[in-house]
Amino acid sequence: MHVHSSMTTLPNAQHAIRRKAYAPYYNLANLALFQTDLSMPTLKLVEILDRVAGKASVDCLDLFRHLMVDILSVTVFGSRPGSLDKWATNIQDPITTAVYDFPKRGILRSAVPTWAWNIVCSIPNNRWRQICASDKIIAEFVGGRLYEMRAKMQAGPIVGETDTEKMPLLQQMLQHRSEGMSDQDIVSEGMGHIIAGVDTTSTTLSYLFWELSRRRDIMRKIQAELDEVMSDRRVVPDVSTLCKMPYLNAFIKEGLRLYGAAPSLLERVVPSTTVSKVDDAFDMMGYALPPGTIVSTQAWSMHRDAEVFPSPETFLPERWLPVDGSDREDERLLRMSQHSMPFGAGTRVCGGQNLARMTLRIAVAAIAANFDITAKTAETNERSMEMRDAFVLFPASKECKLIFTSRAH
Ligand code: HEM
C-alpha cells in the first residue's frame, strides 16, 4: 500500500493542504493542553526503570521507542495502546515493532520487483512476514482509531473531556477536515506522524542519555538545576518552567546539534517560476540553477561548522549559555541559532518539532531527576554508539544499553 503523508507529498499545493490540516494541532498553545499526556507515560517509564534500577542495563533506545508510541497514541490518536506496559512484561508490542520495521520494509520493497513482492512476503518466517506487513499493521492501527474516534464523535461530546478545546490530532482532522481530504488521506497522515515521530525522538533521547552516562559533570549540573524546581521528583514541572531552565535547554540544544536524528540531505526542487530569474534559472548566490534542479541542505555539516561552533565535535552545552551579555555574545548566540536546523527549514520544516522538543524536555527532566546514568564500556561505547545514517540516525549496535541507578534523596 502507498502511504502518502505531508512528508511524501511532493506537489507544493497538495502539501499545503495537508500541512494546513495538521499544523494547528502542533502549535505551542494547543500542545500545552497535552502536558499531562506526555508526563504520565514518562513517569510510567520512571517506574519501570525503578524496578530494574542499578541491577541491570536497559536498552533505552527500545524503551524510548515504546514511550514514543504511547505518547503519540494518546496525543495524536486519542488512544492508549499500552506499549510501555507490554515492554515491562516482555510482551512484543505489534505497533512499536511495526514502526521499527517500516523503514526496513521500504528498503526491501524498493529492491524487489512488484511481481515478486507477494512471493517474498510469503516466505514462511514469522519475523520476515511481520516486516513485510509493517505498513498494514500501522494502517490497521490508525484506521481502527479513526473509526473509533468517529463513532465517539457521532455519539455526542467525548466523555471525560472537560476541556472541549483539547482534541487529539485525529479528532481535529476529522472535525475540521480540509477540502478534498478523504478518510484514507487522514489515515495516511496519521501514519506519517507516528513513523516520523517515534524513531527520531527515541534516537535523540538515547544519545542525550549516553552523553549523561559518560559526562558526570553535565549530569550533575542538570540534576542541580532540576532539584531546584522538583521538590517532588515524581512530579514533572510544567512546560513553561522547563522552557526557562537554562542548562537543561542548553543541553538539549547541544544534543540536537550533534545528535538531531535526521541530519541528512533534505531535497527541494527549483520551481519553474522563480523569484529571481537569470534566463529562467534561479540565482542562488551567483549560481544559475535551472528549474527542476534538485538542491538540498543538511544539518550534519551546518552543525559542525567550526567558525560557528568552535570545537564542533565536543559536546558542550555551555556554548549555548550567555556569559557576559555583551552585544558580541548576542551575535554569537544568534549566529548559532541561525545555523541550527535539526528539524529542517522552510515550509516543510518538521511538523512535530514543538512536540519533539516538549518530549525531550519532559523525558530528560523526569529521568535525570530520578536516576544517575552510567554505562558498562564493554556494552556501550564509542564504537557501539557510532552514528549510522539511514535518513534517521541510529547507533551502530542498534541499541543503547545504559544503567539507571536511583538517586539518593
Ligand atoms: C528529535 C525528533 C525529531 C527530529 C530530529 C525530526 C526531524 C525532521 C526533519 C529533518 C524533517 C524534514 C524537514 C524538511 O524537509 O525540511 C521532519 C519532517 C516531519 N516531521 Fe519530524 N522530527 C522529529 C520528531 C517529530 C515528531 C515527534 C513528529 C510528530 C509526531 C514529527 C513529524 C514530522 C512531520 C509531519 C514531518 C513532515 C513535515 C511536512 O512536510 O509538512 N517529527 N522531521
Side-chain angles (χ1 to χ4, degrees), residues 3-27 30-31 34 37-38 41-42 61 64-65 67-78 99 138 142 168-170 172-173 178 185-186 188-209 251-269 294-300 302-303 340-364 387 389-394:
V3 182
H4 270 304
S5 63
S6 46
M7 198 185 278
T8 53
T9 302
L10 299 185
N12 287 337
Q14 285 170 32
H15 172 262
I17 293 175
R18 297 271 180 159
R19 183 112 195 167
K20 211 171 126 203
Y22 78 72
Y25 176 79
Y26 290 107
N27 75 45
N30 187 56
L31 286 179
F34 289 85
D37 297 310
L38 271 67
T42 312
L61 179 57
F64 290 145
R65 253 188 232 119
L67 170 70
M68 283 315 293
V69 169
D70 272 357
I71 287 180
L72 294 183
S73 294
V74 67
T75 54
V76 174
F77 307 117
V99 172
I138 307 172
V142 179
L169 175 61
L170 204 57
Q172 232 179 61
M173 286 203 290
S178 306
D185 290 336
I186 295 178
S188 299
E189 193 57 38
M191 290 175 74
H193 291 228
I194 196 165
I195 292 163
V198 171
D199 276 349
T200 45
T201 316
S202 44
T203 294
T204 299
L205 269 176
S206 298
Y207 276 102
L208 285 172
F209 283 100
F251 171 69
I252 289 171
K253 279 185 192 163
E254 187 66 344
L256 285 167
R257 182 181 75 82
L258 280 178
Y259 307 121
S264 305
L265 296 174
L266 302 171
E267 296 184 343
R268 305 289 192 264
V269 181
I294 295 175
V295 290
S296 41
T297 53
Q298 44 83 20
W300 183 273
M302 290 273 286
H303 291 181
S340 295
M341 47 169 295
F343 296 101
T347 50
R348 292 184 185 246
V349 69
C350 172
Q353 64 167 315
N354 288 334
L355 179 64
R357 288 184 205 274
M358 209 163 139
T359 306
L360 295 177
R361 288 187 184 110
I362 289 177
V364 172
M387 285 178 272
D389 181 20
F391 188 68
V392 174
L393 278 188
F394 63 93

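Treat the numbers as computed from the prediction; the structure is a model and nothing was measured. In each ligand, atom 1 is the first atom listed, and ligand 1 is the first ligand listed.
- A search for side chain to side chain donor-acceptor pair (under 3.5 Å) contacts involving S6 returns E189, not counting sequence neighbours.
- Of the N and O atoms on the side chains of R18 and Q14, not one donor lies less than 3.5 Å from an acceptor on the other residue.
- Under the side chain to side chain contact (heavy atoms under 4.5 Å, CB included) criterion, I294 pairs with E267, V269, sequence neighbours left out.
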Return a table of N or O atom pairs, ligand 1 on one side and protein on the other, at distances under 3.5 Å, rounded to 0.1 Å.
from	atom 1	to	atom 2	distance (Å)
ligand 1	15 (O)	R268	NH1	3.2
ligand 1	15 (O)	R268	NH2	3.3
ligand 1	16 (O)	R268	NH2	2.7
ligand 1	16 (O)	A345	N	3.4
ligand 1	16 (O)	R348	O	3.4
ligand 1	40 (O)	H15	NE2	3.0
ligand 1	41 (O)	H15	NE2	2.8
ligand 1	41 (O)	R19	NH1	2.8
ligand 1	41 (O)	Y22	OH	2.7

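- A search for side chain to side chain contact (heavy atoms under 4.5 Å, CB included) contacts involving P342 returns L256, H303, S340, not counting sequence neighbours.
- For Y26 and F34, the ring centers sit 6.0 Å or farther from each other.
- The aromatic rings of H193 and Y22 sit perpendicular, their planes meeting at an angle over 60°, well past the 30° parallel limit.
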